[in-house]
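Per chain, numbering begins at 1; letters A, B, ... match sequence-line order.
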Amino acid sequence: MTSERGEFRALKKFLLFAGFIGAMLVSVRVGALGGVWSFVGGLGTVAASLAFAYGANRVFRREPLRPPVRRYLLRFGVSMSAYVMLLIGATMLHRHGLTAGPLGYVIALAPALAILGTIASMGFYLAEETDEFHREVLIQSLLWGIALTLGAASIWGFLETFGKAPHAPAWAVVPIFAVAMGLSQPLIARRYC
Amino acid sequence: MKNRLKVLRAERDWSQADLAERLEVSRQTINALETGKYDPSLPLAFKIARLFCLPIETIFQDEA
């Protein structure tokens, strides 16, 4: 009975990770179609991340969403959606040659402002999380996120310098960090089970 | 650090969620404490001791 329940839980965990990776891949493919589909795909990646976070809370923490987590996901979801929309919008305007002159600065900085919002949402969550174990897991996952992002950026940077990889924009680090941090959270919590 | 939380909780017929609610922490915190892989902060350890009306050292055993 217990092992059956354990197996069922393991299956749910596997499906959660597989579903997240699948949804991200589909979103990226949809986004690559261009035009309006870029926005659909972009928002799909945000929706997949939020669904993964909600599912991870259910499957790994096995408790309802606590208020600090709910506030974090809401803030993160809003700022990340704004980021995706502004990033795609700004890129489109740039492609059409509409970013010349001083207005170009505003268009270029609009997605950056939204991404500052996502960074702030993580800071707010750290400040508002009252549960000491969740704080511990959060801090460790932030460190893992930093380590994986710095590692990935360094590897890519060197490959790029030696002409072995195409140019990657520096703003890619925050979404990479968010995904690395998000994925590492349930894996870190597992160590205490 | 080893502890008797699981036994003390079972004696009172409380679920992990019940104990979590009484200590104002998450259920996962209780789970992590019971496995002995996570040590509570000093304020939480005192809170646990007060709840069970026991001295801290009878709940937590230092393995050193």
Side-chain angles (χ1 to χ4, degrees), chain A residues 1-3 5-6 8-10 12-13 16-17 52-74 122 124-144 181-193, chain B:
Chain A
M1 181 85 179
T2 313
S3 96
R5 219 164 53 192
F8 184 59
R9 208 172 284 149
K12 281 208 285 192
K13 287 174 184 174
L16 180 69
F17 275 97
F52 175 79
Y54 179 78
N57 193 81
R58 285 264 143 195
V59 177
F60 289 92
R61 293 185 174 179
R62 283 185 280 138
E63 61 187 9
L65 271 189
R66 292 167 42 258
V69 183
R70 198 170 40 230
R71 281 197 295 274
Y72 163 61
L73 290 180
L74 186 70
M122 291 181 216
F124 280 124
Y125 177 43
L126 184 61
E128 290 176 4
E129 181 53 88
T130 49
D131 185 77
E132 60 177 60
F133 176 69
H134 285 330
R135 270 184 73 88
E136 170 72 26
V137 172
L138 174 65
I139 291 166
Q140 284 191 41
S141 71
L142 287 169
L143 293 173
W144 269 99
M181 180 210 143
L183 285 176
S184 61
Q185 263 197 45
L187 297 173
I188 291 162
R190 236 178 97 92
R191 291 206 301 230
Y192 296 94
C193 288
Chain B
M1 191 177 274
K2 278 187 183 171
N3 64 71
R4 293 173 53 222
L5 265 189
K6 202 170 182 171
V7 175
L8 293 169
R9 179 169 67 76
E11 282 171 3
R12 284 153 185 82
D13 207 19
W14 291 344
S15 66
Q16 285 188 340
D18 292 334
L19 181 57
E21 202 182 320
R22 282 179 164 87
L23 292 169
E24 296 172 305
V25 297
S26 69
R27 188 205 62 81
Q28 227 188 2
T29 299
I30 302 299
N31 190 56
L33 285 170
E34 285 185 359
T35 60
K37 291 175 186 169
Y38 173 73
D39 296 333
S41 66
L42 209 46
L44 180 57
F46 271 104
K47 211 170 178 178
I48 292 167
R50 270 199 302 273
L51 179 69
F52 290 114
C53 299
L54 290 166
I56 284 183
E57 59 271 27
T58 62
I59 303 174
F60 298 96
Q61 285 94 42
D62 189 5
E63 286 159 293

Peer 1: How long is the span from the CG atom in A/Asn57 to the CD atom in B/Gln28, to the nearest 0.5 Å?
Peer 2: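 A/Asn57 atom CG to B/Gln28 atom CD measures 8.5 Å (nearest 0.5 Å).
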
Peer 1: Measure the OG-CD distance between B/Ser41 and A/Glu136 for me, rounded to the nearest 0.5 Å.
Peer 2: 11.0 Å

Peer 1: Just how far is it from atom NZ of B/Lys37 to atom CZ of A/Arg191, taken to the nearest 0.5 Å?
Peer 2: 10.5 Å

Peer 1: Is it the case that more than 12 heavy atoms not belonging to A/Phe17 sit under 6.0 Å from its CZ atom?
Peer 2: yes

Peer 1: Around atom CD of B/Gln61, are there more than 12 heavy atoms from other residues, nucleotides or ligands closer than 6.0 Å?
Peer 2: yes

Peer 1: Using modelled atom types only, decide if a donor and an acceptor are shared between the side chain of B/Thr35 and the backbone of A/Cys193 within a distance under 3.5 Å.
Peer 2: no

Peer 1: In this structure, are over 12 heavy atoms from other groups packed under 6.0 Å from B/Arg12 atom CZ?
Peer 2: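 Yes, enclosed.
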
Peer 1: Between atom OG1 of B/Thr29 and atom CZ of A/Arg135, what is the distance when rounded to the nearest 0.5 Å?
Peer 2: 12.0 Å

Peer 1: For B/Phe52, I'd like to know if atom CZ has over 12 heavy atoms of other residues, nucleotides or ligands within 6.0 Å.
Peer 2: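 Check passes, neighbour count above 12.
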
Peer 1: Chain A heavy atoms under 4.5 Å from B/Pro43: which part of the residue, side chain, backbone, both or neither?
Peer 2: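 Looking at B/Pro43, nothing touches chain A.
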
Peer 1: Should the heavy atoms of other residues, nucleotides or ligands under 6.0 Å from CD of B/Glu21 be counted, would the total exceed 12?
Peer 2: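 No - once you tally the heavy atoms of other residues, nucleotides and ligands closer than 6.0 Å, there are 12 at most.
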
Peer 1: At their closest point, which heavy atom of A/Glu132 faces which heavy atom of B/Asp39, and how far apart are they?
Peer 2: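 Looking at all heavy atoms of both residues, the closest pair is OE2-O, 4.4 Å.
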
Peer 1: Are there over 12 heavy-atom neighbours, none belonging to B/Trp14, within less than 6.0 Å of that residue's CH2?
Peer 2: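 Counting other residues, nucleotides and ligands, CH2 of B/Trp14 exceeds 12 neighbours.
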
Peer 1: Nearest 0.5 Å please: distance from the CZ atom of A/Phe133 over to the CG atom of B/Asn31.
Peer 2: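 A/Phe133 atom CZ to B/Asn31 atom CG measures 8.0 Å (nearest 0.5 Å).
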
